[in-house]
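Everything on this sheet refers to the single structure shown next.
All values derive from a computational prediction rather than experimental measurement. All values below come from the heavy atoms of this structure, side chains included, with hydrogens, waters and symmetry mates left out. If you read the sequence from its start, that first residue is 1, and numbering goes on from there.
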Amino acid sequence: MPARNSSQTWKIITAILVFLTAVMAIIIIHWAVKRKTKGCFHDNNHLFMKVKAPDTRAAELFSDLTPGEIITVKEYMFDQKDLNLLPITQASVNSNYIFLIELFNPPKKEVLHYMESNGSKPERVAIVVVFQGAHKIPVVQEYLVGPLPKPIWYRKHNPSNRHNSIPYSSRPSSFPEDINLHIIISKIGDELYHVFKESYGYWMNNCSTNCLGAGGFSPKGFKPGDRETWFMFFKIHEGFNLQVIDFEMLIDHRSKNIKEWQVKKLFHNGQYFDSIEQLVEGYEKDKLQKVAYSGKTKKNLIYSTFQRRGNFQANTKQRGPLEFEPDGHRFQLYGNLVQYMPWTFAFRVRSSTGLQIFDIRFNGERIAYELSFQEAISFYGGNTPAIMQNKAVDSAWSFGSSTFEMIKGVDCPKHAAFIDLHHFIDTDEVLHFPSSLCVFEHNTAIPLRRHYSHHNKKFYFHGGAENHVLVVRAIHTVENYDYIIDVLFYQNGVIETKVSATGYLQVSGLVGEGKRYGTVVWDNVLGNVHTHLYNFKLDMDLAGSQNSFMTVSREFENISHPWSPGRRLIQPWVHRRVVSHEGDAAFRHRTTLPYLVFYNPKKENRWGHSRGFRLQLNSHAQPILPEGYGEEKGVTWSRYEVAVTKYKESETISCSMYNQNNLWDPVVYFDDFLNDNENIENKV
């Protein structure tokens, strides 16, 4: 592993927020303005002082590449003849082609020097991912290209502390590979035409309304260097994710020579076969257990659609309540910078990993440098091969760029501000996604605070504050799942992150003892057991970057009663423990968490308390796999509910899209961030 730069003293706080919803709250007290009204006071959230126009310099540094910049970078790279690039639509797996172009975030040290010391402005740089299949030893190579808008240089960039180069077998799936795999599957569909038609009433080619499709799963094998994919077959109808059949197929496609790709295994009705010929022969000679098909295609396919069905015992003619803004937006957008009440922050949606928030300020003072989504994973169990193999690392499935047009009034309120996004991933052209990010203000309908003051039957006052929050929302549709990512900004200084999962279940065909691994959701369809985990990164900057970390817990003491001699008093006290090293700041699952506090020991209030924020986790999960077992090594961040590490530019992300297909020897191994057990006291 390369030597680390010990002169850097910044910090990453990686918070693992888990299961179907994950909440991270940072708490600070802010007294709202009060207005007296007939014995009551009411804070209607209109009384905050007017804030001056925000500084947009940081936002400009973090704004996503424009379509023009993407095109400029692409053309510049194609002008470098030594790269021997082909357009992705003309390429094969043994070609060199661009897979991804996105912004490369500038180094934090340069950003702060520019923002706080009037230093030079950091160069605007793109990162370009090239699949170099034409090389004798094929690899994935990342390049930094800059400065924009007129690039004049490019150089290699390695995201790994463990690998000198990114193995070609670690690459995510892409168009040249996928198109050739489906050509093979289509040909096999012809060979199995009568098996499919007689078993399921559906087939693959010339099928009109009775068509079968196929989708692949990852990781692609059992060890580094493998490249073989299990495909699950399904009926192509609305909600095809639930229309699976009990037929699956394994294709070995590790070779650069497509002619060497071959079917390795087949699975049909609970039985394994080594070849197509073996399956066909067994089928024709009645040597296998056939699917009991009635000969008629079911007309009722509504179960997998969004159409309402069944008896809904309510009056559905009346419309539900709506939010509106009587005076228009109370937030302002300056490009990718948002100003809302005491808050300002910049945002981007990274094509590989998703939503990132930078330079978060409260009343003009930075409290966090970065809050960003890092990774989503889902690991499955079952008794059919594709689902048994399914351990999804979603950054490898274009998580960040799977941001499609939102439905106004459903995905976000109609009064939201909608923002277009642009991505360049697995394509030849810039992809435009209209209205695919939204920002809106929302009344939570729970008071921010309230109190009815009375004593001895005498009324004193009754007051409260409405709880309005600003929500930044991205929705990522990754295959069957839709992940709703929210970052909420409260007017009392709280920030909350939340993930909600919807969409469709990942299912498998019901065979054998399938119910051991899930719940039957339709005839011959099993909803499989699985676990979702989400990973966020938080980099706090409280009154500067020289922060520390402590735990705060409630302990008990047994003392002599001060006014009643001979008696003992057991009572709680506050135990504050400064955590000095990374190893003590990583909290595994099944741990009773204390309060987690980040603070600046050099900045105290008049009562001697250090300025700080609390990190609060409101959802928890169990380990996704036994520690160190197989694929678990590729997602070691999932071992922890929270892990605090010292900041390094070589440790800016906790996972990688290259981990999905090399989970056993990952490009980014999160535990490397912790294994050196660096000191974090008064330095981070």
Side-chain angles (χ1 to χ4, degrees), residues 1 11-24 159-163 218-219 224 353 372-381 390-396 399 497 499 529-539 549 551 579-594 596 598 615-648 650-678 680 684:
M1 189 173 82
K11 166 188 81 230
I12 297 174
I13 303 160
T14 304
I16 294 85
L17 309 183
V18 295
F19 208 58
L20 292 180
T21 61
V23 177
M24 177 168 52
S160 178
N161 289 335
R162 300 168 59 86
H163 294 266
S218 285
T353 59
S372 62
F373 191 84
Q374 298 274 291
E375 188 61 89
I377 61 175
S378 50
F379 280 34
Y380 286 75
N390 189 20
K391 298 171 180 64
V393 179
D394 284 342
S395 61
F399 180 94
T497 63
V499 182
V529 59
H530 62 284
T531 300
H532 292 273
L533 293 181
Y534 310 110
N535 182 218
F536 283 82
K537 168 187 170 184
L538 175 63
D539 182 5
F549 172 64
T551 62
V579 182
S580 60
H581 287 80
E582 292 173 327
D584 295 325
F587 300 87
R588 281 175 160 77
H589 293 294
R590 298 172 177 164
T591 300
T592 300
L593 288 178
L596 308 173
F598 301 94
L615 179 68
Q616 177 178 314
L617 304 186
N618 289 349
S619 59
H620 310 277
Q622 296 181 356
I624 200 161
L625 281 175
E627 190 170 310
Y629 173 81
E631 294 83 1
E632 190 270 348
K633 289 182 284 188
V635 289
T636 56
W637 57 264
S638 68
R639 297 174 180 176
Y640 310 99
E641 295 196 59
V642 175
V644 182
T645 73
K646 186 177 178 180
Y647 185 92
K648 297 184 182 71
S650 60
E651 297 178 355
T652 58
I653 189 167
S654 60
C655 200
S656 168
M657 62 181 174
Y658 311 118
N659 283 18
Q660 170 70 95
N661 294 314
N662 193 5
L663 290 166
W664 317 277
D665 185 19
V667 168
V668 174
Y669 183 69
F670 178 73
D671 265 30
D672 283 342
F673 298 8
L674 299 169
N675 287 339
D676 52 7
N677 196 27
E678 290 188 282
I680 58 175
V684 296

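- Of the possible polar contacts, one joining the Gln374 side chain to the Ser654 backbone as a donor-acceptor pair under 3.5 Å is found.
- Between Ser650 and Asn161, the shortest heavy-atom contact is O-ND2, 3.5 Å.
- The six-membered or imidazole ring of Phe587 lies away from that of Tyr640, with a centre-to-centre distance of 6.0 Å or more.
- The shortest heavy-atom contact between Asp671 and Thr636 is N-OG1, 3.2 Å.
- Residue Val667 comes nearest to His163 through the heavy atom pair CA-CD2, 3.8 Å, listed as atom of the first residue, atom of the second, then distance.
- To the nearest 0.5 Å, atoms OG (Ser218) and CG (Asn390) are separated by 8.0 Å.
- Taking both residues in full, the closest heavy atoms of Leu593 and His620 are given as CD1-CE1, 4.3 Å, listed atom of the first, atom of the second, then distance.
- Summarising the geometry, atom CD belonging to Glu651 is positioned 7.0 Å from atom CD belonging to Glu678; distances are rounded to the nearest 0.5 Å.
- Below 30°, between 30° and 60°, or above 60°: for Phe373 and Phe536 the angle between ring planes is above 60°, a perpendicular geometry.
- Here CD of Glu632 is found 8.0 Å from CZ of Phe379. Values are rounded to the nearest 0.5 Å.
- Contact check on Glu627 versus Arg639 returns a salt bridge, with a Lys/Arg side-chain nitrogen under 4.0 Å from an Asp/Glu carboxylate oxygen.
- Checked by atom type and distance alone, the side chain of Asp584 never pairs as donor or acceptor with a backbone atom of Val579 at under 3.5 Å.
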Is there a side-chain hydrogen bond (donor to acceptor under 3.5 Å, both in side chains) between Thr645 and Glu582? Walk through the geometry before answering. CA-CA 6 Å; Thr645 73; Glu582 292 173 327; 4.6 Å; no
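- The distance from the CH2 atom of Trp664 to the CG atom of Asn659 is 11.0 Å, given to the nearest 0.5 Å.
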Passes side-chain contact (heavy atoms from CB on, under 4.5 Å), Ser372 versus Thr353? Steps please. CA-CA 9 Å; Ser372 62; Thr353 59; over 6 Å; no
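- Using a 4.5 Å cut-off on side-chain heavy atoms (C-beta onward), Lys537 and Thr652 make contact.
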side-chain contact (heavy atoms from CB on, under 4.5 Å) between Phe670 and Asn535, intermediate numbers included: CA-CA 12 Å; Phe670 178 73; Asn535 182 218; over 6 Å; no
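- Considering only residues two or more places apart in sequence or on other chains, Tyr380 meets the ring pair (Phe, Tyr, Trp, His ring centres under 6.0 Å) condition with His530.
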Just do the side-chain contact (heavy atoms from CB on, under 4.5 Å) check on Phe549 and Thr551 with the steps written out, would you? CA-CA 7 Å; Phe549 172 64; Thr551 62; 4.3 Å; yes
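- Considering all non-hydrogen atoms of both residues, Leu674 and Val644 come closest at CD2-O, 4.1 Å.
- A 4.5 Å side-chain heavy-atom check between Arg162 and Asp665 finds at least one atom pair inside the cut-off.
- From Leu625, atom CG reaches atom NZ of Lys633 across 11.5 Å, with rounding to the nearest 0.5 Å.
- Across all their heavy atoms, Val668 and Pro159 have their closest contact at CG2-O, 3.8 Å.
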Determine, stepwise, if the pair Val393 / Glu375 fulfils side-chain contact (heavy atoms from CB on, under 4.5 Å). CA-CA 7 Å; Val393 179; Glu375 188 61 89; 3.2 Å; yes
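- Between the side chain of Glu641 and the main chain of Ala621, no donor-acceptor pair closer than 3.5 Å is present.
- Of the inter-residue distances, the one linking Tyr658 atom OH with Ser395 atom OG reads 9.5 Å to the nearest 0.5 angstrom.
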